[in-house]
Amino acid sequence: MIEVKIRKVGNSAVMTLSAEMLALLDAKEGDTLYAVRTDDGGLKLMTENPELQAALAAAEIVMDENRDLLQALA
């Protein structure tokens, strides 16, 4: 478990991620993190956009189902 403090900067609340947390997330300065609410009410930090990942997975299914048609159109 890693403890993180929230502090006020201007009109915003910020939390500083330690080098250890960045390493666990496989993230670096300048990366975008996505916070997703879990079923148990917690938050999950992700480096990949979960909505984009779901859309790409759906597109892959459609492409697999329509491979012959897509090849004919290409």
Side-chain angles (χ1 to χ4, degrees):
M1 179 173 69
I2 301 172
E3 185 175 293
V4 178
K5 297 286 185 184
I6 299 172
R7 21 182 208 100
K8 185 172 176 68
V9 175
N11 290 330
S12 299
V14 299
M15 59 184 210
T16 302
L17 302 179
S18 66
E20 180 184 7
M21 284 186 70
L22 290 173
L24 287 171
L25 289 166
D26 194 25
K28 60 186 179 311
E29 185 178 337
D31 286 353
T32 300
L33 294 178
Y34 300 91
V36 179
R37 184 169 298 275
T38 60
D39 292 337
D40 63 357
L43 287 177
K44 179 179 180 181
L45 287 178
M46 303 173 66
T47 55
E48 296 180 357
N49 183 337
E51 292 174 359
L52 175 61
Q53 295 302 317
L56 289 173
E60 185 138 348
I61 291 169
V62 169
M63 288 187 290
D64 285 345
E65 290 173 352
N66 298 292
R67 180 172 304 237
D68 295 336
L69 175 63
L70 292 170
Q71 284 178 346
L73 292 172

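Note that the structure is predicted; figures quoted are calculated from it, not measured.
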Seminar exercise, completed: So CG of Leu17 and CG of Leu24: to nearest 0.5 Å the spacing works out to 10.5 Å
Problem set entry | Remaining members of hydrophobic cluster (4.5 Å side-chain criterion), Leu70 | Met63
For this session: Determine, using the 4.5 Å side-chain heavy-atom cutoff (strictly less than), whether Leu22 and Met15 are members of one ILVMFWY cluster.
Result: yes
Name each donor-acceptor pair under 3.5 Å that joins a side chain in residues 35-47 to protein atoms two or more places apart or in another chain, with its distance.
from	atom 1	to	atom 2	distance (Å)
Arg37	NH1	Gly41	O	3.0
Thr38	OG1	Asp40	OD1	2.4
Thr38	OG1	Gly42	N	3.0
Thr38	OG1	Gly42	O	3.2
Asp40	OD1	Gly42	N	3.2

For this session: Return yes when atom CD1 of Ile2 has more than 12 non-hydrogen atoms of other residues, nucleotides or ligands closer than 6.0 Å, and no otherwise.
Result: yes
Problem set entry | Contacts of Glu65 that satisfy salt bridge (charged side-chain N to carboxylate O under 4.0 Å, His left out) - sequence neighbours left out | none
Exercise. In the single-linkage hydrophobic clustering (I, L, V, M, F, W, Y; side-chain heavy atoms under 4.5 Å), do Tyr34 and Leu25 co-cluster?
Worked result: no
Exercise. Got a sec: does the NZ of Lys5 have more than 12 other heavy atoms crowding it under 6.0 Å?
Worked result: no
Problem set entry | Distance in Å, Gln71 CD paired with Asn66 CG, rounded so as to fall on 0.5 Å steps | 11.5 Å
Exercise. Can you name the residues that form a salt bridge (charged side-chain N to carboxylate O under 4.0 Å, His left out) with Arg7, not counting sequence neighbours?
Worked result: none
Exercise. For Asp64, what residues pass the salt bridge (charged side-chain N to carboxylate O under 4.0 Å, His left out) criterion, not counting sequence neighbours?
Worked result: Arg67
Exercise. Which ILVMFWY residues are connected to Val14, directly or by a chain of links, through side-chain heavy atoms under 4.5 Å apart?
Worked result: Val9
For this session: Check salt bridge (charged side-chain N to carboxylate O under 4.0 Å, His left out) between Lys28 and all other residues, then give those that pass, not counting sequence neighbours.
Result: Asp31
